[in-house]
Amino acid sequence: MSTFQAPKGTYDLIPPDSARFLAVREAISAPLKRSGYGYIETPGFENVELFARGVGESTDIVTKEMYAFETKGGDRLALRPEGTASVLRAALEANLHKAGNLPVKLWYSGSYYRYERPQKGRYRHFSQVGAEAIGAEDPALDAELIVLADDAYRSLGLREFRILLNSLGDKECRPVYRAALQEFLRGLDLDEDTLRRAEINPLRVLDDKREAVQKQLADAPLLRDYLCDACKAYHEEVRALLTAQGVAYEDDPRLVRGLDYYTRTTFEFVHDGLGSQSAVGGGGRYDGLSEMIGGPALPSVGWALGVDRTVLALEAEGVTLELPAATSVFAVPLGEEARRVLFAKVTELRRAGIAADFSFGSKGLKGAMKNANRSGARFTLVVGERDLAEGVAQLKDMESGEQGPVRLDDILTTLQERLA
Ligand code: ATP
Ligand code: MG
């Protein structure tokens with residue numbers, strides 16, 4: 001193994017590609033920032049117990065995918081595999097829910113870790129932007145979150161994604177469905193593991209990706225036929241609100257989240273250009289989660305969008321983002337005095353908000369101009385001894401090739417005009 005190799009299932013974000021990741025994070029968070037969501041940041045690790053309860057003991061995430069470890073001090077911790085449990089924990093710890101301003105709306109962005117089999121779109125370290133709205137039960141809140149995710153993807157130029165929508169019922173109607181599904185599953189030809197899963201967590205069997213299993217599930221009872229009147233009305237309202245905002249979705253009666261604290265609205269964003277790792281984001285209502293981790297009843301809803309897969313989706317659709325040039329002006333000094341003068345100019349430009357860079361090290365003009373070209377700068381400033389004596393710099397427009405002297409004192413205003 002080479003020392004210069006990132007761990008399996010991980011990759012580095014490096015320029016220039018890293019700029020696209022930043023732009024995707026920005027684009028996803030922008031609609032949240034103008035919708036009352038405040039930024040929250042929690043640690044990269046938590047007590048393992050939080051995820052065991054908050055993600056679910058019987059989930060793949062907790063049983064197979066979590067990086068859990070014991071510290072030298074004997075604490076049992078885990079790298080965070082997802083964001084919701086941590087955000088809810090932090091909100092409860094800070095008593096945000098008691099400030100009398102519900103729902104508490106929060107957004108986050110960061111790294112997540114799952115020990116998975118690496119493949120395209122599936123990594124052991126990945127990046128999500130997420131949003132949680134804590135402490136309110138209101139179909140408009142569920143609709144808001146879906147609209148904001150849809151707006152985010154559209155603002156990036158993505159078009160070939162679909163929203164899958166379902167309702168998981170609540171503690172009234174779900175147990176009835178659960179029993180019916182269990183009854184159905186017991187009659188199938190399933191392996192030992194899957195049968196056991198059917199006993200502990202039958203809804204999760206619906207999510208089994210294997211074809212042999214899916215075939216047998218064709219006639220499985222559907223939750224939508226079991227929804228109580230309250231859940232039906234709630235779901236109808238979410239759907240109507242989405243439609244009224246012009247957001248297209250598909251009803252997917254088989255879309256599930258396997259745990260009891262997920263209730264009612266559940267949704268997934270899938271992109272058709274991504275092959276088997278097609279989910280770019282997902283979320284839903286989790287009315288029972290707070291109580292599950294020891295808090296008060298706080299009906300909540302949220303989503304998490306995967307940044308890595310969103311970038312892959314952009315590639316799949318051939319969308320190129322319009323990113324601002326990293327450097328607008330590149331300064332090339334020829335000689336020691338010119339270096340001091342130009343360095344001061346670069347500082348002045350930067351302080352005025354113009355992206356500027358400088359030819360460092362002792363290169364000749366040719367090498368320095370090569371760097372200027374690579375930087376992508378629209379303009380270069382070259383100052384030699386004769387220019388200094390005349391109080392000017394040679395300003396070159398790298399696009400047109402046009403070149404001419406500009407008084408040192410006028411450089412800032414000249415560039416401000418020409419870059420505007
Ligand atoms: P999948 O079914 O593909 O495993 P998931 O249901 O585990 O997805 P969530 O826990 O809902 O995914 O996470 C939300 C989003 O985070 C996903 O839609 C995806 O874009 C991203 N994501 C999840 N796991 C990974 C991973 N291992 N690598 C890259 N992105 C991921
Ligand atoms: Mg997964």
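In each ligand, atom 1 is the first atom listed, and ligand 1 is the first ligand listed. Side chains included, hydrogens not; waters and symmetry mates left out as well; all remaining heavy atoms used. Positions are given from 1, in the same order as the sequence printed here.
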Self-check item: Salt-bridge criterion met for R350 and D357 (N-O under 4.0 Å)
Solution: yes
Self-check item: Heavy-atom nearest neighbour of atom 9 (P) of ligand 1 within options R114, H271, E82, E268
Solution: R114
Exercise. Considering the heavy atoms of Q128, write down every atom of ligand 1 situated less than 4.0 Å from one of them.
Key: 13 (O), 14 (C), 15 (C), 16 (O)
Practice problem: Any atoms of ligand 1 less than 4.0 Å from a non-hydrogen atom of G281? List them with their elements. | Solution: 18 (O)
Quiz item: What is the ring orientation for Y115 with Y67, classed by angle as parallel under 30°, tilted 30 to 60°, or perpendicular over 60°?
Solution: perpendicular
Quiz prompt | Protein heavy-atom partner closest to atom 28 (N) of ligand 1 - residue, atom, separation in Å | solution = Y123 N, 2.9 Å
Exercise. Do me a favour and list the nearest non-hydrogen protein atom to atom 21 (C) of ligand 1 with residue, atom name and distance?
Key: G306 CA, 3.8 Å
Quiz item: Which heavy atom of the protein is the closest neighbour of atom 8 (O) of ligand 1, given with residue, atom name and distance?
Solution: R309 NH1, 4.2 Å
Exercise. Evaluate the ring planes of W107 and Y39, with Trp represented by its six-membered ring, and classify them as parallel (under 30°), tilted (30 to 60°) or perpendicular (over 60°).
Key: tilted
Quiz prompt | salt bridge (charged side-chain N to carboxylate O under 4.0 Å, His left out): pairs with one or both residues in residues 291-320, sequence neighbours excluded | solution = R20-E315
Quiz prompt | Residue and atom name of the nearest protein heavy atom (relative to atom 26 (C) of ligand 1), distance in Å to one decimal | solution = F126 CD2, 3.4 Å
Quiz item: Looking at R257, which atoms of ligand 1 are within less than 4.0 Å of one of its heavy atoms?
Solution: 11 (O)
Practice problem: Check the side chains of S109 and Q128 for a donor-acceptor pair under 3.5 angstrom, ignoring hydrogens and angles. | Solution: no
Self-check item: Short side-chain donor-acceptor distance under 3.5 Å, E172 and Y226
Solution: no
Quiz prompt | Heteroatom proximity flag, V280 to ligand 1, N/O under 3.5 Å | solution = yes
Exercise. Looking only at protein heavy atoms, identify the closest one to atom 4 (O) of ligand 1 and say how far it is in Å.
Key: R122 NH1, 2.8 Å
Quiz item: Does the protein put any heavy atom within less than 4.0 Å of atom 6 (O) of ligand 1?
Solution: no
Quiz item: With only distance considered, is A279 within less than 3.5 Å of ligand 1 through an N or O on each side?
Solution: yes
Quiz item: With a 4.0 Å cut-off, would you call D151 and R34 a salt bridge?
Solution: no
Quiz prompt | Pair R25-S127, side-chain donor/acceptor within less than 3.5 Å | solution = yes
Quiz item: Where's the contact between D308 and ligand 1, heavy-atom distance under 4.0 Å: side chain, backbone, both or neither?
Solution: neither
Exercise. Identify, by atom number and element, the atoms of ligand 1 in contact range of A304, meaning under 4.0 Å from any of its heavy atoms.
Key: 14 (C), 15 (C)
Quiz prompt | Stepwise ring-ring contact (aromatic ring centres under 6.0 Å, His included) test for H125 and Y113 | solution = CA-CA 5 Å; H125 163 259; Y113 307 87; 5.3 Å; yes
Practice problem: May I ask you to decide if the ring planes of F360 and F343 are parallel, tilted or perpendicular, using 30° and 60° as cut-offs? | Solution: perpendicular
Practice problem: Identify, for atom 2 (O) of ligand 1, the protein heavy atom at the shortest distance, and state residue, atom and that distance. | Solution: K209 NZ, 4.0 Å
Practice problem: With heavy atoms of G121 as the reference, note each atom of ligand 1 found under 4.0 Å away. | Solution: 28 (N), 29 (C), 30 (N)
Quiz item: If we ignore angles and hydrogens, is there a donor and acceptor under 3.5 Å between the side chains of Y177 and D225?
Solution: no
Quiz item: Considering only protein heavy atoms, which is closest to atom 27 (N) of ligand 1, and at what distance to one decimal place?
Solution: E116 OE2, 2.5 Å
